[in-house]
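Taking it in order: structure first as structure tokens, then the write-up.
Numbers restart at 1 for each chain; the letters A, B, ... are given by sequence-line order, proteins then strands. Keep in mind that what you see is a predicted model, and the values were worked out from it rather than measured.
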There are 2 protein chains.
Amino acid sequence: MKISSRGKYGTRALLDLAQHNNESPVQLKDIAQRQQIPLAYLEHLISPFVNAGIVKSIRGARGGVWLAKPPQEIKLKEVVELLEGSIAPVECVSNPMECPRSEFCATRDVWGELEQAINAVLESTTLKDLVERQRQKEQSKGVMS
Amino acid sequence: MKISSRGKYGTRALLDLAQHNNESPVQLKDIAQRQQIPLAYLEHLISPFVNAGIVKSIRGARGGVWLAKPPQEIKLKEVVELLEGSIAPVECVSNPMECPRSEFCATRDVWGELEQAINAVLESTTLKDLVERQRQKEQSKGVMS
DNA sequence: CAATTGTTGACTAAAATAATCAACTTTCTC
DNA sequence: GAGAAAGTTGATTATTTTAGTCAACAATTG
């Protein structure tokens, strides 16, 4: 039940993009540096978002990437699923055919509830929420020092 | 965010044990057969439960395993954690020292909420609940045929 | 044209997963 | 007490996933 580095890195990358929204394109190398993600790895993490139309990009000098939609319209669920695949904790929840036991399996029910719970969190959180939270954290950091 | 075969198999095994509670010891090979788990693998899945004192065992002819506590006192959280380790979706949620960003990381907050959500489900479900659910499923199966 | 930056695909090392096997210990039954 | 039955343990293995690297390429700017 772990989120992989893909998921962690990728989410951080999109938060970074949301923080630098409505500026000029953000360069991958800057995201990589700020979020401490290997650049060559980050390239592969951004690509699914571009394919899904969540992120736009432009190549060449002064190129970069940016969000195709306002941050409040991008739910964490999309983000995580693009990185990690279905959030269902077991295959048979989304695809009952996969296991002959599905129909009468009590444990499967619980995994289904787990999916619901996870889904509720990820559906209710947008990149905008993340940006705001991050801002609050930065503020209290400032107050402390 | 997947549950491994360990988790799936092990949970099924404990449900099976709960179903056959207050009978004579249940043999691993019977669990293996009913739950469709490779016997040699099941042996390794049961061992953590024995070590944790949730399952008791006796060797030799007519030996077997059984629950050390009534099913309603065994939460799925214990079961899953013994099989898969901490349910925290990222290490830094349970162990902030692990990442220097922890203190001011907004994404970490969300992973924390995810843990809470997962925790709520697994804390509120016991083996007894599973047994009852399974019984209901078996009943409706009977009605249908 | 040269520098910059994203895109893509091939490749690899390391770790986790899902077993399997064999030797061993305990217990029961005859 | 012998032998079969059953759980215990540790070593080993094949496969898959993960995390990352590298290099060639394509597009864009100045």
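- Looking at residues two or more places apart in sequence or on another chain, you find a salt bridge (charged side-chain N to carboxylate O under 4.0 Å, His left out) between R34(B) and D16(B).
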Side-chain donor/acceptor pairs under 3.5 Å, residues 110-118 of chain A, sequence neighbours excluded:
residue : atom : partner : partner atom : Å
E113(A) : OE2  : R133(B) : NH1          : 3.1
E113(A) : OE2  : R133(B) : NH2          : 2.4

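- Using a 4.0 Å cut-off on heavy atoms, the residues of residues 37-52 of chain B that approach DNA chain C are P38(B), A40(B), Y41(B), H44(B), listed by number.
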For this session: Mark up nucleotides 24-30 of chain D, 5' to 3', with B wherever a protein heavy atom is under 4.0 angstrom from a base atom, S wherever such an atom reaches only the sugar-phosphate, and - elsewhere.
Result: --BBBS-
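- For E138(B), the salt bridge (charged side-chain N to carboxylate O under 4.0 Å, His left out) criterion is met by K141(B), not counting sequence neighbours.
- Residues forming a salt bridge (charged side-chain N to carboxylate O under 4.0 Å, His left out) with E132(B) (at least two apart in sequence, or on another chain): K128(B).
- Summarising the geometry of I87(A) relative to E81(A), their closest heavy-atom pair is N-OE2, 3.2 Å, with the distance given to 0.1 Å.
- The salt bridge (charged side-chain N to carboxylate O under 4.0 Å, His left out) analysis of residues 4-13 of chain A, with sequence neighbours excluded, yields no pairs.
- Under the ring-ring contact (aromatic ring centres under 6.0 Å, His included) criterion, F104(A) pairs with no residue, sequence neighbours left out.
- Within 4.0 Å (heavy atoms only), V26(A) reaches sugar-phosphate atoms of the nucleic acid but no base atom.
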Distance-only donor-acceptor pairs under 3.5 Å for side chains of residues 63-77 of chain A, two or more places apart:
residue : atom : partner : partner atom : Å
K75(A)  : NZ   : E123(A) : OE1          : 2.9
K77(A)  : NZ   : N119(A) : OD1          : 2.8

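- Looking at heavy atoms from C-beta onward, L83(A) lies out of side-chain contact with V80(A) at the 4.5 angstrom threshold.
- Residues from residues 80-95 of chain B that place a heavy atom under 4.0 Å from any atom of DNA chain C: there are none.
- Partners of K56(B) by salt bridge (charged side-chain N to carboxylate O under 4.0 Å, His left out), not counting sequence neighbours: none found.
- Here CD1 of I37(B) is found 7.5 Å from CD1 of I31(B). Values are rounded to the nearest 0.5 Å.
- Within residues 4-14 of chain B, the residues that place at least one heavy atom under 4.0 Å from DNA chain C are, in residue-number order, S4(B), S5(B), R6(B), Y9(B).
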